[in-house]
Structure formats: C-alpha cells, structure tokens
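Have a look at the structure below, then the notes.
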Amino acid sequence: MSLYERIKKKIYNNLEEAAYRARENGKLAYDELPAFVLEEPRERQLGDLATNLAMLLTKQCKKAPREIAEIILENLEITDTWITASEIAGPGFINFRLDSNWLTGVIPEVLSQEDKYGSVNIGQGQKLQVEFVSANPTGLLHMGNARGAALGDSLAALLSMAGYDVSREFYINDAGNQIHNFALSLEARYLQQLGHDVPFPEAGYHGEDLIETVKRIIEQDGDKYVTLEEDFRRESLVRQALEEKLHDIKTTLEDFGVFYDVWFSEQTLHESGYVRDTTNELQDKGYIYENEGALWFKSTLLGDEKDEVIIRSNGVPTYFAADIAYHRNKFHRGFRKVINIWGADHHGHVGRLKGAMQALGYNPDSLQIILMQLVRLIQDGEVVKMSKRSGQYITLRELMDEVGKDAARFYFILRDPDSTVEFDLDLAKSQSADNPVYYVQYAHARLCSILRQAKEQGYETDIEPDRNQLALLNSNEEKDLLKKIADLPGEIAISAKMAEPHRLARYVLDLAALFHTFYNSQRVLIEDTDLRVARLGLIKSTKQVLANILGILGVSAPERM
RNA sequence: GCGCCUGUAGCUCAGCUGGAUAGAGCAUCUGCCUUCUAAGCAGGUUGUCGCACGUUCGAGUCGUGCCAGGCGCGCCA
C-alpha cells in the first residue's frame, strides 16, 4: 500500500471509529454506517482531504449535517494522522488540513519502486485473459480494429499493473461461412487475373488487397490452380491467403505496439471435436432442442429474448457454437476472469454467450464483455460506411503512416469505449501536431533535458533527498505535483476495477500539466544544494510516473523532442 | 415495434459508488523566451449538462416519460 493510501486509510478508519464512539456515548443514533468517501476537495483552499460522512448520516440520525459533523469531530482521534486542522464547511463537509510534509514521502517510494511504482495487488496473481481485435483474417485491419487494439492492449497492461497474471489473446476466425466467401472471392480474383471472365460473388470481399494477394500467388505458382478441382483450388488459395493475411495482421499490430501471448485458431476447435463435445454437454444438461432439422440453444431459459441456432439443419455448427466452445476452453485453461473487447454491433450476442457459460456451469460474471462503439469514418464531411466486404475503409497501416503510432493510440485511448468516435483522416492529419499526446511527451522530454543538463553542470543526480531536504518542497506547484504522483496507485486501482484505461490517459495529461506549471514557476538547477536535491528527486519521480503510464498506454516516452 | 449505447462550451471529449462555484484540449483574445526545451506558462471569453416530471439535505450523475442520433433484433459473423 502506498504512503498516501496508508494515511487515507488511517483517517478513514478513525472517522469510522469516531462515528461508532458517538453512537456508544449516545450522541448519534444510527443503525448502519453508510459508505462514505474521503477525498481531496475540489478547491485547494478547502484543505487536503474532505469527507461527506456527516451528510450521509442525516437521514438516520435525524440531525442537521453540520451538527453531526461537530459530534464526529469531537470523537475523532487525530494522533498519527498528520491532521493539523479540521473544519466543517459548506453543507456539512468535514475538511482536514494535513502537515505540509505528509506528501513528500512519496518521492523515496517512486525512486525505489521505479517502474513498479503505481502497482497494486487487487488481482492477487489471478489468471486473467484479455481477448481483443480478433479481426477476420479476410482483409486488412481498419480503424475499428485500431481502437480495439489500443483499448485491449492498454487494458491488459493496466490489469497486470493491478496484480493480475494477464494473457493477451487473438482469436482467429479461420473457419465457417466467411472463409467460404473468402475462398470464392479469392477464386474469382485469381481467375480474373488470369484473364478468365468470371463474375465476382455477391457476398464477396471487395477489398483491393485481395487482388494483390492473388497476384502474389500467381507470381509464385502461376496458373497451376486453374485446372485443379474446385474444392482443391479454393483450399489452396485460402490456405496461402490466410497465411499472408495473418502475417500482415500480426506485423501491423506489432508495429502498433501490440504483442499477443496466444493466437488461437477457431479451426482447431472444430478439428479436435471440441465444438461437438461442448454441444453434447449442453445437450446433456438439457439446453438443446431440435426444430426444423436444426439444433437450438435455449437462451430464453436464461433470460434471453430468443433461442439461437447452434447446429444448422445441414449439420454445420454456427459461429455461436464455436464461440461457446472457445469460451468454455478459456475457462478450462484456468482463467479466473475473461475479458473480451467487442464492437458494439455484437452486443446482441453478449447475453447468449453469458447464458451459455452459465449453462455449462461457469459464473457468467467471470466473462466480462466490453462493448466499444464503432468508429465512424468521415470523408468530405460525409459518413462513409466502412466494411470489409465493400472494401471501403481506412487501414490501421494508413493511420499509422499518416498520424503516427503514438498519436493514434492516444487518440483512441483518451476516449471512453462507449463514445462513438468520428474519425476524419484529413482532419486527423492536419491536427496531428495538436494531439494531446505531444503535450505529455514534451513534459517527459523536458524532464530528461533537465537531468541531462544537471549532469553536464556537474551536479550529482543520483543522491536520494533526505527528509529535511524533501520538507523544502512546499510551494503549491510542488505540492500539487506530489499529490498527483501520490494518487497513482489509487488511480490504477480504480481504473483496473472498472476496466477503464482511458482514465489513465486523463491522469497522465493532468500530471503533465502540473509539471509544466511547476517548470514555469520554479527552477531545478539552482545553487541551493538541499532544495536542488529535493527538486531533482521530484522531477525524477515525475519522469518515472510519466514513463510508467505512457508504457501502459503503449505510447513512447521520448528523451528529446 | 422491442433491446443496448450516446446527447455536457463554437469543435473533440472528461466528469469515480449522487456532493461544495460543471472541467480539459482545440479555436479565439491579452501578456510571458539574454535563466533547466515557447510542442510551454499565466490570464480573459465561451454552458437552458437534449426536454419534462420525480426521488432528497443535495441530481450532469439515480427513476419514469418524451425528443434526436448510432447499433442490434439471420439456420451471417
């Protein structure tokens, strides 16, 4: 637990005790102590910490909030809390002022924990999986995938910082109908390239990249598939195309800073009989019935609106069947918690899949599905319908080429997954210099520059400031910076708990702003040795925290800009 | 028609289990570089938090009903 959390917890506990004591001595009458908060007030002038405890007790105690606050203060023990003053303010807040050195202890913590600073252990080493992107290997990665990649990767990093044993996984949809369509599309392109006049399938994939793919196949193997039997021809083309597409997806994601632990093939679930086994288990448990030659899953038994076909009347399992098997497999592999990042267009599927997990005996809450609203592409002021089938989309590769990895990742991670993002590539290009990511990176580069200059000027930068030196950090700018730094473990905890990495993007922006303010008001490289040592400690801590968070967000922390 | 998401400053968006005077960036206006990076800082301007009721000490936050936009409601994935 960090220093900041320890102090807060101590005061929190003392407040609880004060309330209990007041009940014992008859000053307050209530049944249950409400869940109150102890947090920093909005305005610095109000104090260092504030609680709403008194206001929450009004109903039960039938007293005015300020009167209750009075009673609590009378019963509050303040030794070892750093509290130097308390006052009742506004509608009934209790504000505390703390000894001005209460925060400086965070500096030695950051300097000793280095890249571990900010870690919390709410995960307790539990195995957790984040599955994200899982784009169909029938085309290139687009903007929606970019958002999913930025979100999923940062979430995974955040959760490992919060003490989970995290695995990143990509589910390869290399089976089913779409692969059949993919095969037909490839076949048509292949034959067309070789001069045959064949129609392009209605439901085919129109992307230009497919033509490139068959061109490469022709370069290598010529026209040898033309005379092959249809099935063999399609299979050969698909096998090569899939390999190429997957390789492309993998390297594109790696360039985007995303590395997976596991690439999981849907096909293997069919081949191993796992899909069939899973279906049988559902059948044994009474969740399957037959209608019009197909097998249906009784989702309605588990609160869903309609039942769902799991095995078609032609005997072929649906995507849903494979998905159930896949998620059953995840739990078999020992993951205690499984998080999926899906596009909002799949939300109808959430209830059914959770229902299926429940039917199989798993806790449906162990499967968390984060729905991310779609990215809408704007061109010439118009919304463009993006789809792999139409071939109309901006690729992740183009995005990186145009605006850069850091700006692109920050752009997405700054936003709540629930918000619909409009993306205008031309606008993004023209505004890429205004991207807030540079504001943060600039802060990091500035910090590095100070440390460089310190060395050039012959100052020792590795000495750790002692308690007396740290006590010199008492300006508002320094204290604000210290508070923000001290806040990090709590910020990690709540972001992880809520699975919302975008909070950290906000945090790091705030931290950069506080540093820039400090930078413009006070100098680090000064004659006064004690103050200089203390400030060097402060800026080394700031730099460490910036780097830690940027690392989670997958954004680089440059030494110079 | 039903379900889910969204509606906050001119634009893009934050706002934790309800809390004090609703915030940030961009844009715009005014100052600040002979001192550690001006990709910066300080300050000004900008709001019926979609609308209306309700719940309570207190609502951007919770409830209900409307309005607007997005997505979904296949033996597609």
Side-chain angles (χ1 to χ4, degrees), chain A residues 35-37 39 41-43 46 50-52 55-56 58-59 64-66 89-93 95 136 138 173 176-179 181 203 266 291-296 305-306 308-320 322-323 343-351 371-374 376 383 388 411 414-422 424 427 431 433-443 445-454 456-457 490-491 494-495 497-498 500 502-503 505-506 509-510 512-513 515-526 535 539 560-561:
Chain A
F36 61 97
V37 293
E39 61 186 359
R42 189 183 300 279
E43 300 290 330
L46 294 169
T51 181
N52 62 347
M55 291 182 286
L56 294 173
T58 49
K59 190 169 277 178
R66 297 184 67 108
F93 286 97
N95 295 336
N136 289 335
T138 51
N173 298 123
N177 242 335
Q178 53 175 351
I179 293 300
N181 280 336
E266 176 185 351
N291 186 29
E292 295 180 7
L295 294 186
W296 296 69
E305 287 167 26
K306 17 189 342 194
E308 191 72 11
V309 170
I310 198 164
I311 308 282
R312 300 185 185 91
S313 49
N314 63 8
V316 178
T318 61
Y319 166 88
F320 184 43
D323 227 21
D345 52 339
H346 288 69
H347 82 253
H349 192 55
V350 173
L371 292 175
M372 145 189 102
Q373 295 300 314
L374 304 179
R376 307 202 312 150
V383 176
K388 274 196 182 150
Y411 180 88
L414 204 48
R415 286 154 175 78
D416 185 306
D418 274 338
S419 69
T420 313
V421 170
E422 292 202 345
D424 184 326
L427 199 66
Q431 287 186 350
D434 294 325
N435 191 300
V437 74
Y438 300 115
Y439 183 80
V440 181
Q441 292 182 316
Y442 184 59
R446 261 185 162 175
L447 285 157
C448 292
S449 171
I450 298 174
L451 291 169
R452 265 197 310 272
Q453 301 235 357
E456 281 167 19
Q457 293 173 28
E491 205 63 48
I494 189 156
S495 304
K497 216 174 274 181
M498 305 194 68
E500 292 183 344
H502 75 272
R503 289 168 173 280
R506 300 282 161 186
L509 273 175
D510 289 345
F515 164 69
H516 285 308
T517 299
F518 162 77
Y519 180 89
N520 279 277
S521 73
Q522 272 133 60
R523 293 182 57 79
V524 175
L525 304 180
I526 49 175
R535 285 190 177 153
I539 67 157
R560 295 172 198 272
M561 282 176 77

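Throughout, a chain's letter reflects where its sequence line sits, starting with A, and its residues are numbered from 1. Because the structure is a prediction, the values reported are computed rather than measured.
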Watson-Crick or G-U wobble partner for B:G7, using a 3.5 Å limit on both distances?
B:C67
Does A:His347 make a side-chain donor-acceptor contact with the base of B:G3, cut-off 3.5 Å?
yes
Can A:Phe93 be classed as stacking with the base of B:A20, given a centroid separation cut-off of 5.5 Å and a plane angle cut-off of 30°?
yes
CG of A:Asp345 versus P of B:C4: gap in Å, rounded?
17 Å
Looking at A:Glu39 and B:C16, is any side-chain donor or acceptor paired with a base atom of the opposite kind under 3.5 Å?
yes
What's the CZ-P distance between A:Phe518 and B:U37, to the nearest Å?
13 Å
Looking at B:G43, which nucleotide sits across from it as a Watson-Crick or G-U wobble partner, both distances under 3.5 angstrom, or is there none?
B:C29
Using atom P of each nucleotide, how far apart are B:C62 and B:U17 to the nearest Å?
8 Å
Give one of base, sugar-phosphate or nothing for A:His502, where a contact means two heavy atoms less than 4.0 Å apart.
sugar-phosphate
Considering every strand and a 4.0 Å limit on heavy-atom distances, what is the contact class for A:Leu56: base, sugar-phosphate, or nothing?
base
Is there a donor N/O on one and an acceptor N/O on the other, under 3.5 Å, for the side chain of A:Asn52 and the base of B:G19?
yes
Backbone N or O of A:Ala513 within a donor-acceptor pair of the A:Thr517 side chain at under 3.5 Å?
yes
Does any nucleotide pair with B:C73 by Watson-Crick or G-U wobble geometry, both distances under 3.5 Å, and what is it?
B:G1
Is there a side-chain polar atom (N or O) of A:Arg376 under 4.0 Å from OP1 or OP2 of B:U12?
no
Among B:A42, B:U6, B:A38, the one nearest any side-chain atom of A:Tyr442 is B:A38
With distance as the sole criterion, do the side chain of A:Ser313 and the base of B:C75 form a donor-acceptor contact below 3.5 Å?
yes
Using a 4.0 Å heavy-atom cut-off across all strands, classify A:Lys497 as base, sugar-phosphate, or nothing.
nothing
Any-strand Watson-Crick or G-U partner of B:C49, both distances under 3.5 Å
none
Should the pair A:His349 and A:Tyr319 be assigned to parallel (<30°), tilted (30 to 60°) or perpendicular (>60°) ring geometry?
tilted
Presence of donor-acceptor pair under 3.5 Å, side chain of A:Asn435 and base of B:A39
no
Nearest nucleotide by nearest heavy atom, which residue falls closer to the 5' end of RNA chain B, A:Leu371 or A:Ile450?
A:Leu371
Identify, between A:Thr517 and A:Tyr319, the residue whose nearest nucleotide on RNA chain B lies closer to the 5' end.
A:Thr517
Could you state the atom-to-atom distance from CG of A:Asn520 to C1' of B:G40 in whole Å?
6 Å
For B:U37, does either OP1 or OP2 sit under 4.0 Å from a side-chain N or O belonging to A:Gln453?
yes
Under 4.0 Å, heavy atoms only, any strand: does A:Asp510 hit a base, just the sugar-phosphate, or nothing?
nothing
Whole-Å gap separating P (B:U37) and CD (A:Gln441):
18 Å
Between B:G70 atom P and A:Leu374 atom CG, what is the distance in whole Å?
12 Å
In whole Å, what is the span from the CZ atom of A:Phe320 to the P atom of B:C76?
14 Å
Return the value, rounded to whole Å, for the distance between atom CE of A:Met498 and atom C1' of B:C16.
6 Å
Pairing nucleotide - B:C57, Watson-Crick or G-U, each distance under 3.5 Å:
B:G19
